[in-house]
Trainee: 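My questions all concern the structure below.
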Amino acid sequence: MIPNIDFLSGLNDQQKQAVTAELGHVLVLAGPGSGKTRVLTHRIAYLITQMYLPPSNILAVTFTNKAARVMENRLENLLGQKPEGIWLGTFHSICARILRREAEHLGFTSNFVIYDDDDQQSLIKTAIREMNIDEKMFRPASIRSVISAAKNNMQTPDDLTSRTYREEVNLRVYRRYQELLRASNALDFDDLLNEAVNLFAANPAVRDRYSRRFREVLVDEFQDTNTAQYQILRHLGITGNSLFVVGDEDQSIYRWRGADYRNVQSFERDYPDSKKILLEQNYRSTQMVLDAARAVIDHNINRTPKRLFSDNGRGETITVYESVDDKTEAEYVAETIRNNINVKQWKGSQVAVMYRTNAQSRLLEESFLKANLPYRLVGAQRFYGRREVKDIIAYLRLVYNPSDEVSLARVINVPTRGIGDKTVAALQQHAHDLGISSGEVLAGLGRQGQESPHFPNFTARVANGLADFGANLISWRDANTKGIPLTQLVQRILDDIRYEDYIDDRTEEGHQRWENVLELMKIALEFDDRGLDEFLERLALVSDQDTLAEDVEAPTLLTLHAAKGLEFPVVFITGLDDGVLPHSRSLDDPEEMAEERRLLYVGITRAKDRLYLTRADRRSGYGSYENCSPSRFLKDIPSQLVLRQGLIAPTRVGRSPFKQRTESYANWTTPSPSYGTFRPAPRQQKQQVEQRFPANCRVKHEVWGEGLVVKSVLEDGDETVDVFFDTVGFKRLAASLARLEIVP
DNA sequence: CAAAGATCGCTTTTT
DNA sequence: GCGATCTTTG
């Protein structure tokens, strides 16, 4: 280690206090952009080099894998080398690691697989069918959320009572689901946390071992911990070790997943000796952005008031753009970005476009394509959710853990090998009767063929089909046990099942599907010497949200949730309409509404310099249009911070440029009569006009100065010109009224 | 049993 | 307006 680096230079007083706090219980309340990650990494570096705490005595928990990676890199930069032995990862990955080590104390073996939501739902469906419950009445998706909610509260089936028939069914399915999970030697995401708590609660010796080992436990995004996570911290703190938690109640956005920002308050209650440090200086945003953010968040109650301030100057006015519909909104975003890249030399990677729901990304993607702008999309099931990728993963999981019924059901007839639903049902029934897994029956058939005791249970044709598949499974498993490199194992499976022939049907999509398989191979290559277990763990716990190509020079499209922890010079937040943000499902619950508000707060505070908020009067829902009114949060932003644009009939734009600047959202009555439908101003004469201001020519306006024509269309006997002005940005004008002149 | 066509039902956010 | 599920046909 390098002891002579001064880890404290460049830190403000509060940051210094946090970094150098004595081992104990420390709560750091860190506003957005206040150097939270910096504090965490410097704290770790300080402990290692100044306090001589061995890295192996440190556990650092982050909320996403991305955040863990960032922290790892920064630590390496600070220390000049990777700290050996430190545990750094998400709660889920840390728990998985502990559970695999301590499987002997648990009701499953260390090669358990981790089920994601899809797997969870298939298993619930299996349970429902098994119990002859009507799938229409009791939807697997809704039962899944009930089960998950119970698990988030650490409630087992035994902890629940049922008052209605529906609750009774939910409970029975929950019970059966849990049995099926264990029979498959599988844990779902919630189990990872809950089983870790159970492990510690039931085995004090094990608990103390970990508690003593981790003399300092650091937790990032503490406001988003749930009951189980908080319990884990309690257990780890049992031997009096040090807890250093960093969070911000105002950025708690995972209530629906069981997160409880009141854990921040519980911490102070449970550790009365704890030291509280507030980080209020913001190093990220302009004052304009902070003022807007504060105006939004100040409406929430039950929070520690913070006074965020910044030295970054006043900054540029926030643009609020309103459009007739969501398509126009998306086009505005793409065109504004493209123009600013051309005119103001924005770099694509400095820009982020955020939205409430993933579904909103589609129109944005289309408009980016149309504007010829590359983009990078975070999440939304781009890769790991694809059928072909999931197929291959299921094969690998089955090789790793023969009991995995969900994976077996998924691949047993992919590619089709004549094993239909009836055969699968018969196989499962037979296995169930013998009290073994379907995989074991298959293996028996594969090993002994016609000699197998299972053989007579099926018709010869079916039994042979099953035996062939079983033989394949055995050979892959043997190969894996002998330790062949991962990529060779994958290659062998692909060859044996002729997957390319199956998946690539020589259409464009077919080629793409095969490309995805090859992409998975590429990832497998990184794990060639680490093995199948680590590969599967990574696939289970590292999501699409973590796959952000760092070095692409393009704007980022992402949900507000995915934006947490990131920052961008320019931020667009789209869909500022009631029903979208706040989301319609939140409107009737004050707690949910408070969370929607925090979500917008998180979005706004991602912006360093420039913030755009956009909305639309009409949005396409299920295929038809729905009218929208402006988000109630918009009204909370003081009008002097805002420049309003768009949704003003072209004529009015030309005539009263200052009206828009002074009009305040606070004065709005919505829905106002002139609002809701797009009505171009009536025109006296409808005659053919000629195009005078073609795209890409430069024009001059008496008020706004010079600008570049982006688009010009002839309609209704007038020419509508979209101009990007050098000073005020994007405007839509009617050529007959705007008195534009061409600049040579 | 598999592929192609018809119909239903639903959209929040993610480890 | 999409994907998962049901229905029909070969």
Side-chain angles (χ1 to χ4, degrees), chain A residues 61-68 89-96 114-118 120-122 125 129 135-136 139-142 144-145 148 151-152 187-194 196 221 224-226 228-229 252-259 354-363 378-381 384-387 413-424 459 461-462 465 502 505 537-546 558-564 575 579-587 589 592 595-596 598-600 602-603 619-626:
Chain A
V61 190
T62 58
F63 195 68
T64 64
N65 295 289
K66 206 192 308 175
T90 62
F91 267 109
H92 289 85
S93 67
I94 302 274
C95 288
I114 299 167
Y115 278 177
D116 67 13
D117 288 6
D118 284 349
Q120 216 179 350
Q121 196 155 318
S122 337
K125 209 182 265 177
R129 289 189 180 155
E135 264 179 80
K136 294 252 157 57
R139 305 216 150 267
S142 95
R144 190 184 67 74
S145 65
S148 188
K151 288 191 164 193
N152 272 320
L187 302 187
D188 61 25
F189 284 133
D190 302 318
D191 281 346
L192 289 175
L193 305 174
N194 291 343
E221 307 283 9
D224 280 324
T225 47
N226 66 16
Q229 290 164 340
S252 171
I253 53 176
Y254 286 94
R255 199 180 102 91
W256 48 275
R257 220 173 70 189
M354 302 173 188
Y355 35 81
R356 175 69 238 266
T357 66
N358 279 306
Q360 290 167 259
S361 75
R362 221 184 75 231
L363 280 177
V378 180
Q381 282 224 335
Y384 293 111
R386 308 211 77 91
R387 184 187 70 180
N413 204 28
V414 173
T416 50
R417 42 175 82 87
I419 304 175
D421 291 346
K422 278 196 185 135
T423 308
V424 173
T459 63
R461 212 169 66 94
V462 166
Y502 168 73
D505 57 3
E537 181 110 348
R538 149 87 169 251
L539 293 176
L541 295 176
V542 175
S543 68
D544 295 292
Q545 301 295 321
D546 296 305
L558 75 180
T559 63
L560 287 161
H561 282 91
K564 192 163 79 158
V580 181
L581 180 62
H583 195 268
S584 50
R585 305 261 275 235
S586 311
L587 294 174
D589 179 346
E592 299 261 302
E595 177 138 320
E596 297 289 310
R598 293 193 290 267
L599 200 47
L600 176 58
V602 167
R619 301 192 167 269
S620 45
Y622 292 86
S624 61
Y625 275 103
E626 265 173 39

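What you see is a predicted model, and the numbers here were worked out from it, not measured in a lab. Letters A, B, ... mirror the listed sequences (proteins, then strands); counts begin at 1.
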Trainee: Between Arg417(A) and dC1(B), is there a side-chain N or O to OP1/OP2 distance below 4.0 Å?
Mentor: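 Looking at the OP1 and OP2 atoms of dC1(B), neither is under 4.0 Å from any side-chain N or O of Arg417(A).
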Trainee: Lys125(A) side chain N/O closer than 4.0 Å to the phosphate oxygens (OP1, OP2) of dT5(C)?
Mentor: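 So the side-chain polar atoms of Lys125(A) do come within 4.0 Å of the phosphate oxygens OP1 or OP2 of dT5(C), strictly under.
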Trainee: Which nucleotide in the set dC1(B), dT12(B), dT14(B) lies at the smallest distance from any side-chain heavy atom of Asn358(A)?
Mentor: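 Closest nucleotide to the Asn358(A) side chain: dT14(B).
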Trainee: Among dC1(B), dG9(B), dA3(B), find the nucleotide with the atom closest to the side chain of Thr416(A).
Mentor: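 The nucleotide sitting nearest to the side chain is dA3(B).
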Trainee: With the six-membered base ring of dT15(B) as reference, does the ring of His92(A) sit under 5.5 Å away with planes under 30° apart?
Mentor: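 Per 5.5 Å and 30° rule: no stacking.
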Trainee: Looking at CG of Leu541(A) and OG1 of Thr64(A), how far apart are the two atoms once the value is rounded to the nearest 0.5 Å?
Mentor: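 Answer for the CG-OG1 pair, Leu541(A) versus Thr64(A), is 12.5 Å.
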Trainee: Do Trp256(A) and the base of dT13(B) stack face to face, with centres under 5.5 Å apart and an angle between planes under 30°?
Mentor: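 Yes.
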Trainee: When you check the phosphate oxygens OP1 and OP2 of dT14(B), does a side-chain N or O of Arg257(A) lie under 4.0 Å from one of them?
Mentor: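 For dT14(B), OP1/OP2 do not have a side-chain N/O of Arg257(A) under 4.0 Å.
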Trainee: When the P atoms of dT13(B) and dA4(C) are compared, how many Å lie between them, rounded to an integer?
Mentor: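 Their P atoms lie roughly 15 Å apart.
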Trainee: Starting at NE2 of His561(A) and ending at P of dT12(B), how long is that distance when rounded to a whole Å?
Mentor: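 It works out to 12 Å between those atoms.
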Trainee: Once hydrogens and angles are ignored, does a donor-acceptor distance under 3.5 Å link the base of dT12(B) to the side chain of Arg585(A)?
Mentor: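 Answer no: no donor N or O sits under 3.5 Å from an acceptor.
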Trainee: Name the closest nucleotide to the Thr64(A) side chain, picking from dT15(B), dT13(B), dC1(B).
Mentor: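 Closest nucleotide to the Thr64(A) side chain: dT15(B).
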Trainee: Taking 4.0 angstrom as the limit, do Arg144(A) and Asp188(A) come out as a salt bridge?
Mentor: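 No.
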Trainee: Is there a side chain to side chain donor-acceptor pair (under 3.5 Å) between Asp190(A) and Ser148(A)? Walk through the geometry before answering.
Mentor: CA-CA 7 Å; Asp190(A) 302 318; Ser148(A) 188; 3.0 Å; yes
Trainee: Taking only side-chain N and O atoms of Thr423(A), does any of them lie within less than 4.0 angstrom of OP1 or OP2 on dC1(B)?
Mentor: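 The answer is yes; a side-chain N or O of Thr423(A) sits under 4.0 Å from OP1 or OP2.
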Trainee: Rounded to the nearest 0.5 Å, what separates atom CH2 in Trp256(A) from atom CZ in Arg585(A)?
Mentor: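 Atom-to-atom, Trp256(A):CH2 and Arg585(A):CZ are 12.5 Å apart.
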Trainee: Find the distance Leu600(A):CG to dT12(B):C1' and express it as a whole number of Å.
Mentor: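 Roughly 16 Å, once rounded to whole Å.
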Trainee: Does any N or O in the side chain of Asn358(A) come within less than 3.5 Å of the main-chain N or O of Thr559(A), such that one atom is a donor and the other an acceptor?
Mentor: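 It does not hold such a pair.
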Trainee: Checking contacts here: which listed nucleotide (dC1(B), dG9(B), dT12(B)) is nearest the side-chain heavy atoms of Lys422(A)?
Mentor: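 In terms of side-chain proximity for Lys422(A), the closest of dC1(B), dG9(B), dT12(B) is dC1(B).
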Trainee: With a 4.0 Å cutoff (strictly under), does any side-chain N or O of Thr559(A) reach OP1 or OP2 of dT14(B)?
Mentor: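 The answer is yes; a side-chain N or O of Thr559(A) sits under 4.0 Å from OP1 or OP2.
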Trainee: Taking any heavy-atom pair under 4.0 Å as a contact, classify Phe91(A): base, sugar-phosphate, or nothing.
Mentor: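 The residue Phe91(A) makes no contact with any strand.
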Trainee: Where the side chain of Thr357(A) is concerned, which of dT13(B), dG9(B), dC2(C) is the nearest nucleotide?
Mentor: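 Looking only at heavy atoms from C-beta outward on Thr357(A), the closest nucleotide is dT13(B).
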Trainee: Could you tell me how far apart Lys151(A) (NZ) and dT15(B) (P) are, to the nearest whole angstrom?
Mentor: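 Taking atom P of dT15(B) as the reference, NZ of Lys151(A) is at 18 Å.
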Trainee: On the nucleotide dA2(B), are OP1 or OP2 found under 4.0 Å from the side-chain N or O atoms that Asn413(A) carries?
Mentor: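 For dA2(B), OP1/OP2 do have a side-chain N/O of Asn413(A) under 4.0 Å.
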Trainee: For dG10(C), which nucleotide is its Watson-Crick or G-U wobble mate, given both distances must be under 3.5 Å?
Mentor: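 In the structure as shown, dG10(C) has dC1(B) as its Watson-Crick or wobble partner.
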Trainee: Separation of Leu541(A) atom CG from dT15(B) atom C1', in whole Å?
Mentor: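 That distance rounds to 7 Å.
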